[in-house]
Enquirer: 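Got a structure here, written out as structure tokens. Questions coming.
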Amino acid sequence: MSSENRRPGGEPAHQPPVAHRPPAAEPPGGEQLALIRETVRTAKVPRAKPRTWRGAALAGEDPVARVLVDKGLVHLDRFFDYAVPAAMDTEARPGVRVRVRFGAGERNGRREGGGLINGFIVERRPDSDYRGTLAPIAQVLSPEPVLSPELLALCRAVADRYAGALADVVQLAVPRRMARAEKKESPPAPPPPPEPEPGGWERYTGGPGYLRALASGGTPRGVWTALPGPGWPGELARAVAAALAGGRGALAVLPDGRGAARVDAALTALIGPGHHVLLTADAGPEARYRRWLAVSRGAVRAVIGTRAAMFAPVRQLGLAAIWDDGDSSHGDEHAPYPHAREVLMLRAAHEGAGFLLGAHGRTVEAAQLVETGWAHPLAADRETVRATAPRVRTIGDGEEARDEAARAARLPSLAWRTVRDALQRGPVLIQVPRRGYVPRLACERCRTPARCAHCSGPLEAVGPAEALCCGWCGREAPGWHCPECGGARLRGQVFGARRTAEELGRAFPAVPVRTSGRDHVLDTVPDAPALVVSTPGAEPVAGGGYAAALLLDGWAMLGRPDLRAGEETLRRWLGAAALVRPEPAGGTVVVVAEPSLRPVQALVRWDPAGHAARELAERAELGFPPVSRMAAVAGPPEAVAGFLGTVRLPPGAEVLGPVPMRVPGPGGARPGGPPPGEQWDRALIRVRPGNGAALASALKAAQAARLTRREGPPVRIRIDPPDLG
């Protein structure tokens with residue numbers, strides 16, 4: 001990426017590129033601020049002090065401000081010089097928010113036009129490379145320095161990693177300003193807490209040593225396979241406390257607010273209040289910004305939060321931790337689509353911090369970190385796993401087909417008996433892969449999927465007595481007939497949480513039935529007999545653990561045409577099964593899926609590490625990520641074709657496609673995907689290991705060139721796309 005400096009609307013001034021070392025398999029260390037403090041000692045034109053602006057006096061010292069404007073376009077991904085009026089000399093410090101005129105021109109020696117736009121001062125300088133008249137800063141919005149050199153360096157590294165614009169990343173990293181929050185002073189930072197006892201970490205090989213290394217100022221890197229049960233929030237809190245005890249900061253990112261609240265409560269109980277803040281959307285914009293400012297000012301040294309907290313400006317970072325990195329919530333759906341795991345790895349390497357990746361399962365990315373030696377495994381021995389895991393039983397397709405109870409009520413006899421016996425001891429969890437009533441329907445005679453006649457979206461049954469409606473456009477579909485065989489009777493392909501709750505309520509009329517899903521998520525349920533029907537990721541925590549769990553419709557998750565289908569299914573199963581009591585206490589899990597499948601066997605043996613290692617070996621053999629680096633280029637067909645014709649890819653790059661993408665209906669579009677009703681193409685570009693930085697640079701350069709020359713609409717570039725199906 002070129003950091004060539006331009007005045008808004010003017011000609012480029014000569015400036016050498018800012019040095020940046022792209023991330024490798026093991027990201028390099030070194031000075032954190034090298035990306036920002038690179039000077040321009042080899043400029044090819046003499047620098048000049050700015051002229052006065054229509055007679056107005058400028059700052060006497062460092063009258064030039066280098067500004068990052070809030071314009072997230074890759075062809076404008078550079079800094080711009082502005083003059084600092086004398087009246088703003090004190091407040092116009094590096095890191096503050098300002099308003100500047102952007103896109104102005106010069107006519108008859110006078111600058112005219114240009115609209116006001118927000119930006120950040122990144123540097124004050126005595127002179128500028130531009131020889132003409134600089135426009136002045138229009139306004140200093142706030143004297144609070146919110147974009148520190150360390151945070152700016154991180155944003156630059158993330159932008160280069162994901163072929164994005166720096167302004168887009170800064171917009172993700174710095175929350176929206178709340179004036180009232182800035183006026184309140186932050187309390188002084190408390191002294192470091194004492195070093196915590198190992199606690200639950202005694203159960204893991206190398207666990208106590210990992211905590212000691214954090215407390216002594218070391219930089220240990222671990223991939224932690226957490227044991228089933230309710231102990232992981234307390235164990236993660238102890239790792240954070242160990243980093244604080246060593247006089248450094250800590251950051252833990254979780255996929256949702258419920259998990260963050262559990263770790264927040266565990267850390268408060270362990271070391272008391274005042275040492276950390278909770279950064280989630282539930283706090284509200286003003287409270288969240290006030291807490292963010294406390295971190296930025298150094299009044300708080302630790303942060304527990306969701307995805308956006310990955311950029312929290314923790315000072316002297318000693319630990320960067322992430323829980324359940326396979327959860328899709330960790331991937332940002334705004335350009336340039338960074339993933340929290342990769343951002344925290346960059347921070348750990350560039351800021352000299354420890355790293356901890358924890359989950360009940362293990363992703364292939366985590367397996368690669370262990371295989372390459374970048375991180376070390378933190379896992380319990382098999383005897384401890386057997387003592388804490390529930391018993392897992394399977395029901396295959398053949399057994400289910402022969403079961404009269406399964407055909408009549410979608411609940412096999414084994415599952416029915418397990419539920420009946422477990423309800424005598426406590427609550428029972430039923431995991432259903434979809435929400436709603438019957439979200440997928442098909443012709444009863446020929447199994448042709450039922451689709452809307454208007455937009456071809458899937459027809460859904462939203463209730464037992466309600467008309468069919470389209471899941472995309474919402475239109476009702478009375479009098480549906482199959483276009484293939486003319487049949488008028490439908491059958492469910494996938495049953496949702498509401499339908500399952502209704503069936504279970506009829507089967508167990510004296511037992512309360514609770515549902516937990518996207519529209520209404522339960523945090524906890526009491527330790528009393530009840531049926532809890534939940535979608536994956538929304539499972540509430542039972543006080544004494546669930547007596548049993550049913551994992552229904554496994555084929556619906558395993559049969560998805562996605563490279564990660566097996567990994568994701570196992571992750572969801574483990575998350576639910578970990579809430580069940582251990583086998584010695586009578587805990588049982590019944591999974592309805594073919595027993596011979598690899599994810600099912602991994603669940604039965606409770607061996608997520610082995611499953612991830614085998615998945616990684618297959619990816620390496622086939623050349624799939626994360627062994628290789630891959631980028632997805634999507635957009636209108638002519639835009640994708642034009643982009644591929646101009647991009648200069650690194651040697652050995654392989655282009656797969658382009659192929660048409662699925663056309664979403666109204667309401668079915670995903671962030672960053674094709675608009676409803678439009679046809680997009682997608683091409684995948686694959687490079688060998690070690691060429692990821694070169695690929696990102698080439699894609700970014702081609703996108704900038706197309707925008708500069710106005711060669712049609714831009715394409716969407718996504719590095720390491722999560723879906724390759």
Side-chain angles (χ1 to χ4, degrees), residues 1-2 17 20-28 74-75 77 156-165 168 331 335-339 341-342 345-346 364-365 368 371-372 374 562-564 615-661 672-674 680-709 711-725:
M1 194 278 304
S2 172
H20 172 66
R21 181 183 296 174
E26 180 169 352
V74 292
H75 65 300
D77 193 15
R156 167 53 66 200
V158 172
D160 290 347
R161 166 72 170 75
Y162 287 96
D168 281 338
Y337 316 106
H339 193 283
R341 177 188 56 244
E342 305 301 319
M345 288 175 60
L346 284 172
V364 289
E365 286 81 7
Q368 187 187 37
E371 183 174 292
T372 58
W374 195 88
D562 191 284
L563 185 64
R564 295 182 180 270
E615 287 281 309
L616 180 63
E618 287 189 359
R619 302 271 187 96
E621 184 177 349
L622 298 173
F624 285 148
V627 178
S628 64
R629 290 290 300 278
M630 189 172 283
V633 178
E638 64 278 3
V640 173
F643 182 88
L644 295 177
T646 59
V647 63
R648 296 182 178 178
L649 297 173
E654 182 182 5
V655 179
L656 309 176
V659 296
M661 298 179 66
W680 275 21
D681 282 359
R682 184 180 77 165
L684 298 176
I685 304 175
R686 180 168 59 186
V687 296
R688 293 189 295 267
N691 289 336
L695 173 62
S697 178
L699 296 176
K700 186 174 181 178
Q703 182 86 302
R706 281 178 53 82
L707 290 174
T708 301
R709 296 192 294 263
E711 297 178 346
V715 296
R716 187 197 71 181
I717 298 173
R718 188 155 192 173
I719 304 293
D720 298 336
D723 52 338
L724 294 176

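Along the sequence shown, residues carry numbers from 1.
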Enquirer: Kindly compute the distance separating CG (Asp77) from CG (Leu707), expressed to the nearest 0.5 Å.
Expert: 11.5 Å
Enquirer: To the nearest 0.5 Å, what is the distance between CZ on Arg706 and CD on Glu711?
Expert: 6.0 Å
Enquirer: Return the minimal non-hydrogen interatomic distance between Pro721 and Met630, and the atom names on each side.
Expert: CD-O, 3.7 Å
Enquirer: Testing the basics here: between Pro651 and Asn691, what is the closest heavy-atom pair and its distance to 0.1 Å?
Expert: O-ND2, 4.0 Å
Enquirer: For residues Ala631 and Ile719, report the shortest heavy-atom separation together with the two atoms involved.
Expert: CB-CD1, 3.7 Å
Enquirer: Tell me the closest heavy-atom pair linking Tyr162 and Tyr337, and the distance in Å.
Expert: CE2-O, 3.7 Å
Enquirer: Given the rule in the salt bridge (Lys or Arg N to Asp or Glu O under 4.0 Å) test, do Arg564 and Glu365 qualify, once you have shown the distances and angles that lead to the verdict?
Expert: CA-CA 12 Å; Arg564 295 182 180 270; Glu365 286 81 7; 2.4 Å; yes
Enquirer: Looking only at heavy atoms, what is the nearest atom pair of Asp168 and Ala335, with distance?
Expert: CB-O, 3.6 Å
Enquirer: Working to the nearest 0.5 angstrom, can you tell me the gap between His339 NE2 and Asp720 CG?
Expert: 9.5 Å
Enquirer: Which atom names give the shortest non-hydrogen contact between Ala634 and Met661, and what distance separates them?
Expert: CB-SD, 3.8 Å
Enquirer: Would you compute the distance between atom CG of Leu695 and atom CD1 of Ile685 and round it to the nearest 0.5 angstrom?
Expert: 6.0 Å
Enquirer: Within the distance-only criterion (no hydrogens, no angle test), does the side chain of Arg686 pair as donor or acceptor with the backbone N or O of Gly623 below 3.5 angstrom?
Expert: yes
